Amino acid sequence: MVDLLIIGSGGAGLCAALSAKENGCDVLVVSKTYPTHSQTVQAQGGINAVLYENDDDINLHIEDTYKASCRLSNKDNIKTLCENAKDSVLWLESIGVPFNKDENSKIKQRKFGGTNKKRTCYSSDYTGLKIIHTLFDQCIKNKIDFKNEYFLIDLIVENKKCYGAIFLDIKTGKIENIYSKSTILATGGYAGVYSNNTTNSLSNCADGTAAALRAGVKLSNIEFVQFHPTALENSNILISESARGEGAYLVDSKNKRFIDELKSRDEVTKAIYEKLINKDKVYLDLRHLDENKINKLLPQEKRIAFEYTNIDITKELLPINPAAHYSMGGIKTDKNFKTNIENLYACGEVAQSSIHGANRLGGNSLIEIITFGKKAGISASNNSKNMKSIKNIESITSFENKIENIYNLPNKINFYEKKDLLANELFEKVGIIKNENDLDDFINFIDNLNSQLPNMGILDKSKIYNKNLIDFLEFLNQIEISKIIALCSKQRKESRGSHNRLEFKNISNEYEKYSYALIEDELLKIGFEEIS
Amino acid sequence: MKIKIKRYNQELIEKNSIDEFEVSNTNLLKALIQIKQYNDSTLTFRCGCKSGVCGSCAVKVNGLEKLACRTKINQNDLIEPLSNINIIKDLVIDVSHETFLLDKVKSYIDINSNKEINQEDIEKIDLQSNCILCNSCYSSCPIYSINKDFIGPFALTRALRYVDDKKLKDKKEILNNIQTNGIWDCTLCGTCSLVCPQSIDPKADILKLQNISFQEGFSNPNLNNFDMNFDYEFDGFNPNGF
């Protein structure tokens, strides 16, 4: 048994681990991949904080964040985030994150969408990469214990209390219960379920969100999936907002600009999407930028464009399209990062911590994982301090049977084909613009898919590093969460932020509420609740 | 297009084989995914970001270390797992040594520091701090193949990244940790620098660490032990030829 079990080793998980350890708590971080393989490395553009108040103000950061959320957030929580942002960035600097500096040796900031201030701190366009590696080095220094390549099967929950989680050790194929006084979920978001149309990592499959749902954890605002305006056409590799922040234009096939590139992401995405569905094309234009500036500030964008599309952004237009990028919704947490299940906490993208609402500002996700990751670590470790020990619940056998059953399923249908189909259906019918018929179609599609599952087995029957089995388990999670996205989208009969309904084009006061999805007494309940 | 993949599965009697697959994708990662989905679901490899920053998909293509997600393939290419590391299955290798090596060097800021640094200081460590721990350098290193205690190129690059960081209070500790089985054991062959997908030059970093070590009073232990058996009284052989 451990004092604190942290599931997920991205930025939020590592920050939680460091602060909990500092708080005198025995910590174990368990993760499907390795810390440096986590999706945080893909965050390019930067991290928001008001550092110098001569030209900016914390209240403006609060206002911008609240405005972008379309009133679906809690101002107190936003205030906590924004007020602590400066400390978080300075802490990162103090442990060695090499932020770019101005001529006065102050941390340099660039402008991101949805704000009029330069508020985004950065390390060229490798901000997330440098942050996660620095945090990893600190975890080594502080002797944080890791169990890597462990797949989360389910949380151990009884009578609305969490006692730890059940994992599949990918390297051996064995199932292991890990008991803990407190547990933090920091498994990342669920936008990866759009697999072929997402900027997310291939290992981002909503595993934490799905396990939480099955355990009776309340999910919130799942219909709010952020589509990033600029991903490379076809491959959907992210081209960071820092490109537009540094002055890049968006142009159509007639070489005309059609939107203020630094509006919030929901608006820019919608404008691009309208062009694309009208058979136009959209390009990112960086040709007018100084080449030296591109080399220094946007080296990754330049490399990605050249390697994946053979385009030199200093001389040519770069074709882009929007792609699923971030989940504003997730596990509902209160201001102490607690879920509705006792001893269970959540932080980072997996959580809906009442910050982003219907639309997240670029640069606010990194600040959330650092600030709230650290705070969640304190909160959960304090919870553990008040507990003597916990009872063990024997649940291994049933899960061994569950996995054994998957090994024995016949392989009449290739689940990979269905996974592709699911992702495409999801993007088309539960994508940037949704309508009732499409949502119903998609829900039927999922029900149909569920009925075919008994004929979709795995072909790799080995125990050691069975990626075929992991892919299948991820597919099951993808099915579960995709359906929740559709069900929540269906009930929100309005357009707000990233959620656009063809039949209900305007924002509606009636829906100034959080949606929720929750399994209670084995029944899925979907509804709305007041903002908290 | 045909590609060949070296296979390994410790659960099978016939553990090693080289299998051929027909693929339509020219991007190696996409080709591997295509094989797993439609030809052979048992093919096992790691992948993640698909854009060259997570470092999980490094493999060897025709003997050279590459990130699968950033590699274009050609007819008859041979894909193998990285070298110098235990193979878990097919292209998946054991990367647990990363933590061990980084801990051995103690490559991190020792005491959180508010020391002010400028852009020039940042640029000094910019390249080194772009390391993605993909293990390509480790795989290509000939010293590793014979000495598993060698602190490899990525760990030494990371040592320099912190030694060169003005926020580090005591660089002597890191320098001390890389004297044995470290900077002096490197033959400076430069294969690590050739294969780094982030264009980092660990060979240059190691040279720099040698210089800094000299300045800090360390010396090359191999030279101290190296007895040239040179007799100053001996006048038979004149290396200069006159």
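Remember, predicted model here, so these are calculated numbers, not experimental data. Residue numbers begin at 1 in each chain, while the letters A, B, ... track the order of the sequences.
- Contact of A:Tyr308 with chain B is made through the side chain alone, with heavy-atom distances under 4.5 Å.
- A:Lys467 places no side-chain N or O within 3.5 Å of a backbone atom of B:Phe45 that could act as its donor or acceptor partner.
- Salt bridge annotation for B:Glu123-A:Lys296: present, with a cationic side-chain nitrogen under 4.0 angstrom from a carboxylate oxygen.
- Interface residue A:Tyr465: backbone and side-chain heavy atoms are both found under 4.5 Å from chain B.
- B:Gln119 places no side-chain N or O within 3.5 Å of a backbone atom of A:Asp102 that could act as its donor or acceptor partner.
- Between A:Asp137 and the choices B:Lys106, B:Arg161, B:Arg158, the side-chain hydrogen bond (donor to acceptor under 3.5 Å, both in side chains) rule is met once, by B:Arg158.
- By the 6.0 Å contact criterion, NZ on B:Lys148 is enclosed, its count of non-hydrogen atoms from other residues, nucleotides or ligands being greater than 12.
- Residues A:His37 and B:Arg46 have side chains that never bring a donor and an acceptor to within less than 3.5 angstrom of each other.
- With A:Glu307 as the partner, the salt bridge (Lys or Arg N to Asp or Glu O under 4.0 Å) test is satisfied by one option alone out of B:Lys66, B:Arg70, B:Lys50: B:Arg70.
- Comment: B:Asp110 does not engage A:Lys141 in a salt bridge, judged by the lack of any side-chain N to carboxylate O separation of less than 4.0 angstrom.
- For the pair A:Asp460 and B:Lys89, the salt-bridge criterion is met [side-chain N within less than 4.0 Å of a carboxylate O].
- Put simply, the side chain of A:Asn414 gets close to the backbone of B:Gln37: a donor and an acceptor are under 3.5 Å apart.
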